[in-house]
*Asks:* 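Pasting in a structure now, in C-alpha cells, and then I'll have a few things to ask.
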Amino acid sequence: MLLLHGFPETGLMWHAVAPLLAEAFTVVVADLPGYGRSSCPRDSGRHAMSKRALAATLTDAMRIAGHERFAVVGHDRGGRVAYRAALDHPEVISHVAVLDMVPTYEVWDRADARLALAFWPFSLLAQPAPLPERLLAAAPDAVVDNAIAEWGSSPDAFPGWLREAYVDALRDPARVHAICEEYRAAAGVDREIDKADLDAGHRIACPLLALWSDRGGLARWYDDAGGPLGLWRRWADDVRGQSVSGGHFFPEEYPAATAKRIRAFLESGGSRQKRA
C-alpha cells in the first residue's frame, strides 16, 4: 500500500501507523511531489501540481518499484491525490482510503465562512504568488504550531522531533512555492477536472473507506448531503466509513486504531455496495 500525507506534514505523519500496517502489507510511504524530501516538479503552470499530475507521478513510481496494483491511503492533501489516482488509474488502485477530507469539488462548491475561518490554507495558499509564499517562508514555525494547536488534535501527539521536521520542511523556498501551487491547483484545475468527472458520471470503482474526525467540520457541515459518506457516494460505487475519535491529525493521535481500521478495510474482501 501507498501512504500519503497532508499539509503541513510529510510522510513522517505515518511513523507510528506504518509499522503496524507493515505486519500484514508491503508499505510504501512517500512525500508528495513538492513536499518534504520529494523533488519539485520541473514544469511550471497550474497543471504541474494538480492532483492528476501528482497521482500520475506516484503511480508511475510505484510501478517502477514493482507494484503493479496496490491500495492507496491519503490524509488531507494526500487524500485528494489518492482519490484522483483511483479515478484516473482504476487498473492500478485496488482500494482507496481517504482520511478527514471530501472531494475537492464538493469543498469549493459548498464553501462558506466556516471553511474560510477553520481551514484557512484553502483560501490563503491559493492566492496569487508571491504573497502566500512570503507568509509561509517568514513563519514556518507559526504555521505548524497553528495546525497542531487549532485543528482539533492534542499537541501531545507531536513530539519535538516531529514538529521540528515539519517546520524544517517549510524552510525551503522551492517547496513552499510548490505547496502553494498545489493549493492553487485545488482551487482551479482540480475543481475543473472533478466537475468534468462528476458531469460525465465517472466514478471510483474500487472500494473506498472514508474516516473523519468526530471533532472537525466534516462531522457537522455536510448534513444536507448525508454527511461525508453521502458526499463520497456521489463519487464511488462502494463506500464505507465512519467518524473516529481525535482531531484532524487522528492518525498521529490514535495510530493503533487508525491502522486497525485500515487493515480491516483492506482485508474485508470484495466490493460491498454502499456499506456504511
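Please read all numbers here as calculations on a predicted model, not as lab measurements.
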*Asks:* Got a second to check how far Ile93's CD1 is from Thr59's OG1, nearest 0.5 Å?
*Replies:* 6.5 Å
*Asks:* Walk me through it: do Glu253 and Ser245 pass the test side chain to side chain contact (heavy atoms under 4.5 Å, CB included)?
*Replies:* CA-CA 9 Å; Glu253 287 185 278; Ser245 298; over 6 Å; no
*Asks:* Examine Val96 and Phe25 and state if one hydrophobic cluster contains both, with Ile, Leu, Val, Met, Phe, Trp and Tyr joined whenever side-chain heavy atoms are less than 4.5 Å apart.
*Replies:*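 Same cluster: Val96 reaches Phe25 through Ile, Leu, Val, Met, Phe, Trp or Tyr contacts under 4.5 Å.
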*Asks:* Under the side chain to side chain contact (heavy atoms under 4.5 Å, CB included) criterion, do Thr26 and Phe70 qualify, and how do the steps go?
*Replies:* CA-CA 9 Å; Thr26 298; Phe70 56 90; over 6 Å; no
*Asks:* Taking Ser123 for the side chain and Ala116 for the main chain, is one N or O donor matched with an acceptor at less than 3.5 Å?
*Replies:*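 Such a contact is absent between Ser123 side chain and Ala116 backbone.
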*Asks:* About how many Å separate NE2 of His5 and CD of Glu252, when rounded to the nearest 0.5 Å?
*Replies:* 11.5 Å
*Asks:* Using side-chain hydrogen bond (donor to acceptor under 3.5 Å, both in side chains), reason through Asp112 and Trp221 one step at a time and then give a plain yes or no.
*Replies:* CA-CA 10 Å; Asp112 58 16; Trp221 294 352; over 6 Å; no
*Asks:* Applying side-chain hydrogen bond (donor to acceptor under 3.5 Å, both in side chains), run through Glu106 and Trp232 and close with a yes or a no.
*Replies:* CA-CA 9 Å; Glu106 304 288 1; Trp232 280 112; over 6 Å; no
*Asks:* What I want to find out is whether Lys51 reaches Asp88 closely enough, with some N-O distance under 4.0 Å, to be called a salt bridge.
*Replies:* no
*Asks:* Would you check if Val73 and Leu21 make a side-chain contact, meaning some heavy-atom pair closer than 4.5 Å?
*Replies:*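 No - every pair of side-chain heavy atoms lies 4.5 Å or more apart.
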*Asks:* Can you tell me how far apart CG (Leu58) and CG (Leu4) are? Round to the nearest 0.5 Å.
*Replies:*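 The CG atom of Leu4 is 5.5 Å from CG of Leu58, to the nearest 0.5 Å.
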*Asks:* Under a 3.5 Å threshold, yes or no: a donor from one side chain and an acceptor from the other, between Tyr35 and Glu182?
*Replies:* yes
*Asks:* Please answer whether the main-chain N or O of Thr10 pairs with a side-chain N or O of Asp31 as donor and acceptor at a distance below 3.5 Å.
*Replies:*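 Between the backbone of Thr10 and the side chain of Asp31 there is no qualifying donor-acceptor contact (under 3.5 Å).
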*Asks:* Return the minimal non-hydrogen interatomic distance between Gly241 and Leu229, and the atom names on each side.
*Replies:*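 Smallest interatomic distance, heavy atoms only, reads O-CD1, 3.7 Å.
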*Asks:* Identify whether the distance between the nearest side-chain nitrogen and carboxylate oxygen of Asp168 and Arg171 falls below 4.0 Å.
*Replies:* yes
*Asks:* Which distance, rounded to the nearest 0.5 Å, do you find between the CD of Glu192 and the OG1 of Thr104?
*Replies:*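 Glu192 atom CD to Thr104 atom OG1 measures 12.5 Å (nearest 0.5 Å).
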*Asks:* I'd like to know if Leu20 and Tyr254 are part of one continuous hydrophobic network [Ile/Leu/Val/Met/Phe/Trp/Tyr, side-chain heavy atoms within less than 4.5 Å].
*Replies:* no
*Asks:* Spell out, as yes or no, whether a donor-acceptor pair under 3.5 Å connects the side chain of Arg191 to the backbone of Ala187.
*Replies:*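 Flag set: sc Arg191 to bb Ala187 pair under 3.5 Å.
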*Asks:* Is it the case that the side chain of Glu181 and the backbone of Ala48 share a donor-acceptor pair, with hydrogens and angles ignored and the cut-off at 3.5 Å?
*Replies:*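 Judged by distance alone, no pair lies under 3.5 Å.
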*Asks:* Report yes or no: does Arg203 contribute a side-chain atom to a donor-acceptor pair with the main-chain N or O of Ala236 at less than 3.5 Å?
*Replies:*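 Confirmed, Arg203 side chain pairs with Ala236 backbone.
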*Asks:* Run the ring pair (Phe, Tyr, Trp, His ring centres under 6.0 Å) test on Phe250 and Trp212 for me, step by step, so that the C-alpha distance in whole Å, both residues' side-chain angles and the decisive distance to 0.1 Å come before the verdict.
*Replies:* CA-CA 8 Å; Phe250 62 81; Trp212 62 95; 9.5 Å; no
*Asks:* Step by step, would you call Arg175 with Leu170 a side chain to side chain contact (heavy atoms under 4.5 Å, CB included)?
*Replies:* CA-CA 7 Å; Arg175 281 168 178 74; Leu170 294 179; over 6 Å; no
*Asks:* For atom CZ of Arg134, is the number of surrounding heavy atoms from other residues, nucleotides or ligands below 6.0 Å larger than 12?
*Replies:*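 Atom CZ in Arg134 is not crowded, with 12 or fewer foreign heavy atoms closer than 6.0 Å.
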*Asks:* Test your reading of the model: is there a side-chain donor-acceptor pair from Arg80 to the backbone of Val102, 3.5 Å cut-off?
*Replies:* yes
*Asks:* Quick one: does Leu136's side chain get under 4.5 Å of Cys180's, heavy atoms only?
*Replies:* yes
*Asks:* When rounded to the nearest 0.5 angstrom, what is the spacing between CZ in Arg110 and OH in Tyr105?
*Replies:* 9.0 Å
*Asks:* Spell out, yes or no, whether Val143 and Trp161 are grouped together once hydrophobic residues are joined by side-chain heavy atoms under 4.5 Å, including indirect joins.
*Replies:* yes
*Asks:* Say whether, by atom type as modelled, one donor and one acceptor occur between the side chain of Asp190 and the main chain of Ser50 under 3.5 angstrom.
*Replies:*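 No; zero donor-acceptor contacts below 3.5 Å.
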*Asks:* Between Arg215 and Ser153, is there a side-chain donor-acceptor contact under 3.5 Å, judged purely by atom types and distance?
*Replies:*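 Side chains of Ser153 and Arg215: no pair found under 3.5 Å.
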*Asks:* Within the side chain of Arg184, is there an N or O that forms a donor-acceptor pair under 3.5 Å with the backbone of Gln127?
*Replies:* yes
*Asks:* Are Leu117 and Phe122 in one and the same hydrophobic cluster, where Ile, Leu, Val, Met, Phe, Trp and Tyr link if side-chain heavy atoms are under 4.5 Å apart?
*Replies:* no
*Asks:* Which pair of non-hydrogen atoms, one from Met49 and one from Pro41, has the smallest distance, and what is that distance?
*Replies:*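 Scanning both residues completely, I find the closest heavy atoms to be SD-CG, 3.3 Å.
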*Asks:* Give the minimum heavy-atom separation between Pro251 and Val17, together with the two atoms involved.
*Replies:* O-CG2, 3.5 Å
*Asks:* Ala147 and Phe249: which non-hydrogen atoms are nearest, and at how many Å?
*Replies:* O-CE1, 3.4 Å
*Asks:* Look only at the side chain of Asp76 and the backbone of Gly78, and say whether a donor-acceptor pair between them is shorter than 3.5 Å.
*Replies:* no
*Asks:* Salt bridge or not for Glu23 and Lys260, using N-O below 4.0 Å?
*Replies:* no
*Asks:* Should Val244 and Ser213 be marked as a side chain to side chain contact (heavy atoms under 4.5 Å, CB included) after you check the CA-CA gap, both sets of side-chain angles, and the distance that decides it?
*Replies:* CA-CA 5 Å; Val244 299; Ser213 164; 5.7 Å; no
*Asks:* Tell me whether Arg234 contacts the main-chain N or O of Gly230 through its side chain, where contact means a donor paired with an acceptor under 3.5 Å.
*Replies:*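 No, because the side chain of Arg234 does not come within donor-acceptor range (under 3.5 Å) of the backbone of Gly230.
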*Asks:* Is it possible for you to check whether Arg233 lies under 6.0 Å from the centre of the six-membered ring of Tyr222, through NZ or CZ, and within 45° of that ring's axis?
*Replies:* no
*Asks:* Is there a side-chain contact between His177 and Asp172 (heavy atoms, below 4.5 Å)?
*Replies:*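 Counting from C-beta outward, His177 and Asp172 never come under 4.5 Å.
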*Asks:* State, to 0.1 Å, how close Ala165 and Leu12 come at their nearest heavy-atom pair, and which atoms those are.
*Replies:* CB-CD1, 3.6 Å
*Asks:* With salt bridge (charged side-chain N to carboxylate O under 4.0 Å, His left out) as the criterion, how do Asp197 and Lys195 come out once you've worked through the C-alpha distance, each side chain's angles and the decisive distance to 0.1 Å?
*Replies:* CA-CA 5 Å; Asp197 278 337; Lys195 183 62 161 55; over 6 Å; no
*Asks:* Got a second to check how far Phe7's CZ is from Tyr166's OH, nearest 0.5 Å?
*Replies:*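 Separation between the atoms: 12.0 Å.
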*Asks:* Can you check whether Glu133 reaches Leu125 side chain to side chain, under 4.5 Å on heavy atoms?
*Replies:* no
*Asks:* Report yes if some heavy atom in the side chain of Phe265 is under 4.5 Å from a heavy atom in the side chain of Leu208; otherwise report no.
*Replies:*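 Heavy-atom side-chain distance check fails, nothing below 4.5 Å.
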*Asks:* What pair of heavy atoms forms the shortest contact from Val29 to Gly11, and how long is it?
*Replies:* CG1-O, 3.3 Å
*Asks:* When you compare the side chain of Arg220 with that of Arg114, does any pair of heavy atoms fall below 4.5 Å?
*Replies:* no
*Asks:* Contact between Met62 and Leu2 at the side-chain level, heavy atoms closer than 4.5 Å - yes or no?
*Replies:* yes
*Asks:* May I ask you to test the Val92-Glu68 pair for a side-chain heavy-atom distance under 4.5 Å?
*Replies:*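 A side-chain contact under 4.5 Å is absent here.
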*Asks:* Kindly indicate, with the supporting measurements, whether the criterion salt bridge (charged side-chain N to carboxylate O under 4.0 Å, His left out) is fulfilled by Glu267 and Arg261.
*Replies:* CA-CA 10 Å; Glu267 293 178 340; Arg261 289 186 174 95; over 6 Å; no
*Asks:* Identify whether Val98 and Ile193 are in the same connected component of the hydrophobic contact network (ILVMFWY, side-chain heavy atoms under 4.5 Å).
*Replies:* no
